[in-house]
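A single structure is presented below for examination.
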Amino acid sequence: MEYRCKGFGDEFTEVFKREMGFSRPRCFPRRISASEGLVKRITLHGKLNGHKECVNTVEFNSTGDVLVSGSDDRQVIFWDWAAKSKTFSYPSGHLDNIFQARIMPFTDDRKIVTSSCDGQVRLGLVLENGQVDTRRLGKHQGRVYKLDIEPGSPHIFYSCGEDGVVQHFDLRSNSATKLFYCSSFTELNRQSRNNISLNAIVIDPRNPNYFAVGGSDEYARVYDIRKHQCDSSNNLDGPVNTFCPHHLVGADVYITGLAYSNTSELLVSYNDELIYLFQKNMGMGPTPLSVPPEELQKLEKPQVYLGHRNSQTVKSVSFFGPTDDYVLSGSDCGHIFVWKKKGAKLVRLTAGDQQIVNHLEPHPYMPIFASCGIENSIKLWIPMADGSLPLPDDAEKIMESNRQGREDHSLITLTPDVIMHVLRLQRRQNAAYIERRYDRADIENDEEDEGEAYLLGFSDGEASSEEGFTGNTAECNIS
């Protein structure tokens, strides 16, 4: 039997049901945390200041009392977020921007794994005397944006990189296991390898044998770790399932963020496109190019979440709430978007950064999240407003501007001189990266590159400085 208090929000209804004995005590905290009324009260609680450059990653520990962050300043900081104070920090040992920092569970918060623009995967070990010992665990060729930890394991985690390699780490051993190269489906049966540059990796919490990766094409690929247990350069790239919205098959898009719910739903965020929620029965199978178009049309379409824009950086996407009732994303417009998972209703829209919000990290069991972006601070968001906060008056204008930006970007035509300009810039950047990588002294003494945010594009000033380029850069924003 369903009881509801007329004239009151969901949170008051849950309190009423608990007091009247209509709701079981152990269910009450989860139900109240998932109420839309409580989510609409979420507002800025405070900032954590301590990094010198933009913050790329934040994560709560398993109990939710500690927050860890990593930044372009190459420092890892531990925070007592409730007291808004820094506990301690340490230099990560990375030679470039930190993209992710994760606390290994059941290690008393003493083991932290990090990934970086320098391609390294490193371990920070907090010693009994408070000092931190760091060492390299593995290496990718190119940036490593994401790591993911096997749920409940103090030893096992995975990495993926721009080189298309997925690696398996076990802290009980001293080496990484290269599982496979993620290849384009059009190249699987050819001798020449066309790797997919990977941006995201997530493990299914309901069945940790499965993990998903996403990168420089339209497909989210799901793998079974049991098929990739041996370290071999000849390991075949064999996903067990793939996911993609029907209309994006063959489109020039790529994936920046992935998230699994506790019921194995897969959330996929595309660059300069939208966010999609896939159920397990929406997959295209291991070889999507072999699926006839008429069979694709029979598949149920995923839920889509509208309003934000994901163009300039590698943004994550997250579930929120004790039963994953909400979807969180940052945006290029500097706003935080919170949608109801079911029905995709936008319930909260608020400014989160003066420039771009890149990452939102939910608390493990409370209706709280942390955010970070281009600014040097971390922001904490808590349901502390006196009443439900409406969407801002300019919400429609914000979302329309984001939509128009996506459409304008999709209409850009690249002329040959622009394409050659981009290729020249890429060669220069690759050469500079290799030179810095092999000359650590130059890296440590080079003050000019510190604090540079890694945006997927070139500013007008940077583009126009290239010798020999005479195109109109103001008309083309390359991403």
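All figures in this text were calculated on a predicted structure; none of them were measured in a lab.
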Correct closest heavy-atom pair for I112 and A101 would be CG2-CB, 4.5 Å
Do Q167 and V121 come close enough that some side-chain heavy atom pair is under 4.5 Å?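 Heavy-atom side-chain distance check fails, nothing below 4.5 Å.
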T256 side chain vs V314 backbone, donor-acceptor pair below 3.5 Å: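 No, because the side chain of T256 does not come within donor-acceptor range (under 3.5 Å) of the backbone of V314.
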Yes or no on side-chain contact (heavy atoms from CB on, under 4.5 Å) for F157 and L137, after CA distance, side-chain angles and deciding distance? CA-CA 11 Å; F157 70 97; L137 298 175; 3.7 Å; yes
Just wondering, do E218 and H247 contact through their side chains at under 4.5 Å, heavy atoms? no
Measure from the side-chain N and O atoms of T350 to the backbone N and O of I336, and report whether any donor-acceptor pair falls under 3.5 Å. no
N-O pairing of R102 and D148 below 4.0 Å: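 Salt bridge present between R102 and D148.
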With the threshold set at 4.0 Å, does a side-chain nitrogen-carboxylate oxygen contact exist between R74 and E53?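 A salt bridge is absent here (no side-chain N lies under 4.0 Å from a carboxylate O).
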Looking at I275, V317, L346, which one forms a side-chain contact (heavy atoms from CB on, under 4.5 Å) with Y305? I275
Checking I98 against V76 for the side-chain contact (heavy atoms from CB on, under 4.5 Å) test, could you report, in this order, the C-alpha distance in whole Å, the side-chain angles of both residues, the deciding distance, and whether it holds? CA-CA 8 Å; I98 298 174; V76 175; 3.8 Å; yes
Taking Y254's backbone N and O only, do any of them form a donor-acceptor pair with N271's side chain (distance below 3.5 Å, no angle check)? no
Quick check against the 3.5 Å criterion: does E59 have a side-chain atom that pairs as donor or acceptor with the backbone of I103? yes
Residues L198, V166; criterion side-chain contact (heavy atoms from CB on, under 4.5 Å); working and verdict: CA-CA 9 Å; L198 296 176; V166 174; 3.7 Å; yes
Does N310 form a side chain to side chain donor-acceptor pair (under 3.5 Å) with S269? I'd like the steps, not just the answer. CA-CA 8 Å; N310 175 14; S269 181; 3.2 Å; yes
A side-chain contact here means heavy atoms from C-beta on lying under 4.5 Å apart; do L380 and K47 qualify?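 They are not in side-chain contact.
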Closest contact, heavy atoms only, S261 versus D204: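 Closest heavy-atom pair between S261 and D204: O-OD1, 4.4 Å.
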Calculate, to the nearest 0.5 Å, the distance between atoms CG and CG belonging to L306 and L274 respectively. 5.5 Å
As an exercise, state the distance from CG of D324 to CG of N262, rounded to the nearest 0.5 Å.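 Output value for this atom pair is 4.5 Å.
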Identify whether the distance between the nearest side-chain nitrogen and carboxylate oxygen of R122 and D118 falls below 4.0 Å. no
Student check: side-chain heavy atoms of L248 and Y276 closer than 4.5 Å: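 When only atoms from C-beta onward are counted, Y276 and L248 do touch, with a gap below 4.5 Å.
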Under the criterion side-chain contact (heavy atoms from CB on, under 4.5 Å), I'd like the reasoning laid out for H94 against T114: C-alpha separation, chi angles, the key distance, then a yes or no. CA-CA 9 Å; H94 285 290; T114 56; 2.7 Å; yes
Please check if the side chain of N194 supplies one atom and the backbone of S184 the other of a donor-acceptor pair under 3.5 Å. no
Test item: S69 and V58 side chains (from C-beta on) under 4.5 Å apart, heavy atoms: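 Yes, at least one pair of side-chain atoms sits under 4.5 Å.
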Answer with yes or no after comparing the ring centroid distance for F211 and Y158 against a 6.0 Å cut-off, counting only values under it. yes
Indicate the atoms forming the closest heavy-atom contact of M384 with H45, along with that distance.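 Residues M384 and H45, closest heavy atoms: SD-ND1, 3.6 Å.
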Atom CZ in R41, atom CZ in R348: separation rounded to 0.5 Å?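 If we round to the nearest 0.5 Å, R41:CZ and R348:CZ are 12.0 Å apart.
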With sequence neighbours excluded, residues passing side chain to side chain contact (heavy atoms under 4.5 Å, CB included) with N402: R309, S331, C333, F337, I398, R406
What pair of heavy atoms forms the shortest contact from L360 to S316, and how long is it?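 Between these two residues, the closest heavy atoms are N-OG, 4.0 Å.
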If you measure from the Lys or Arg side-chain nitrogens to the Asp or Glu carboxylate oxygens, is any gap between K315 and D332 under 4.0 Å?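 A salt bridge is present here (some side-chain N lies under 4.0 Å from a carboxylate O).
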Of Y90, F60, F88, which is the lone residue that meets ring pair (Phe, Tyr, Trp, His ring centres under 6.0 Å) with F78?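 So, applying the ring pair (Phe, Tyr, Trp, His ring centres under 6.0 Å) to F78 and each of Y90, F60, F88, only F88 qualifies.
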Distance in Å, F320 CZ paired with S329 OG, rounded so as to fall on 0.5 Å steps: 14.0 Å
Pairwise distance CD1(I196) to CG(D217) - rounded to 0.5 angstrom: 4.0 Å
So, does S71 use its side chain to make a donor-acceptor pair with the main chain of D73 at under 3.5 Å? yes
Taking the side chain as every heavy atom from C-beta outward, state whether L48 and K84 have any pair of such atoms under 4.5 Å apart.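 With C-beta onward as the side chain, the pair touches.
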If we count only N and O atoms by modelled type, under 3.5 Å, do the side chains of Y223 and N241 hold a donor and an acceptor together?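 On atom types as modelled, these side chains do not qualify, holding no pair under 3.5 Å.
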From H359 NE2 over to L328 CG, what is the distance, rounded to the nearest 0.5 angstrom?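 Reported value, rounded in 0.5 Å steps: 10.0 Å.
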Heavy atoms of P105 and G152 approach each other most closely as CG-C, 4.2 Å
With a 3.5 Å distance limit and no angle check, can you tell me whether D163 reaches the backbone of Q141 through a side-chain donor-acceptor pair? yes
Could you pull out all residues at least two apart from P293 that satisfy side chain to side chain contact (heavy atoms under 4.5 Å, CB included)? none
Give the ring-plane orientation class for F243 versus F278, where under 30° counts as parallel, over 60° as perpendicular and anything between as tilted. tilted
Geometric class of the H363/Y365 ring pair [parallel <30°, tilted 30-60°, perpendicular >60°]: perpendicular
Within the distance-only criterion (no hydrogens, no angle test), does the side chain of S115 pair as donor or acceptor with the backbone N or O of V144 below 3.5 angstrom? yes
Are the side chains of N97 and N56 in touch, meaning some heavy atoms are under 4.5 Å apart? yes
Using a strict cut-off of less than 4.0 Å between a Lys/Arg side-chain nitrogen and an Asp/Glu carboxylate oxygen, indicate whether K345 and E36 qualify as a salt bridge. yes
Looking at S153 and E150, would you say the former's side chain and the latter's main chain have a donor-acceptor pair under 3.5 Å? no
Any side-chain heavy atom of M104 sitting closer than 4.5 Å to one from I149? yes
Residue pair S264 / R206: nearest heavy atoms and the distance that separates them: OG-CB, 3.5 Å
Using 30° and 60° as the class limits, which term best fits the ring planes of W339 and H308: parallel, tilted or perpendicular? perpendicular
With a 6.0 Å cut-off on ring centres, are Y219 and F185 close enough? yes
Counting only heavy atoms not in E295 (residues, nucleotides, ligands), do more than 12 fall under 6.0 Å from its CD?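 Yes, CD of E295 has more than 12 neighbouring heavy atoms, counting only those of other groups under 6.0 Å.
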Measure the acute angle between the ring planes of F180 and H228, then classify it against the limits of 30° and 60° as parallel, tilted or perpendicular. tilted
So, are E294 and K298 salt-bridged, with charged N and O less than 4.0 Å apart? no
Show, in sequence, the C-alpha distance, side-chain angles and deciding distance for D224 and N209, and conclude whether the side chain to side chain donor-acceptor pair (under 3.5 Å) test is met. CA-CA 6 Å; D224 186 339; N209 288 315; 5.5 Å; no
Could you pull out every donor-acceptor pair under 3.5 Å between side chains of residues 368-378 and any protein atom, sequence neighbours left out?
unit_1: S371; atom_1: OG; unit_2: W381; atom_2: NE1; d: 2.9
unit_1: E375; atom_1: OE1; unit_2: K379; atom_2: NZ; d: 2.7
unit_1: E375; atom_1: OE2; unit_2: Q354; atom_2: N; d: 2.6
unit_1: N376; atom_1: OD1; unit_2: C54; atom_2: N; d: 3.3
unit_1: N376; atom_1: ND2; unit_2: K52; atom_2: O; d: 3.2

Taking everything shown except D252 itself, do over 12 heavy atoms lie less than 6.0 Å from its CG?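 Counting other residues, nucleotides and ligands, CG of D252 stays at 12 neighbours or fewer.
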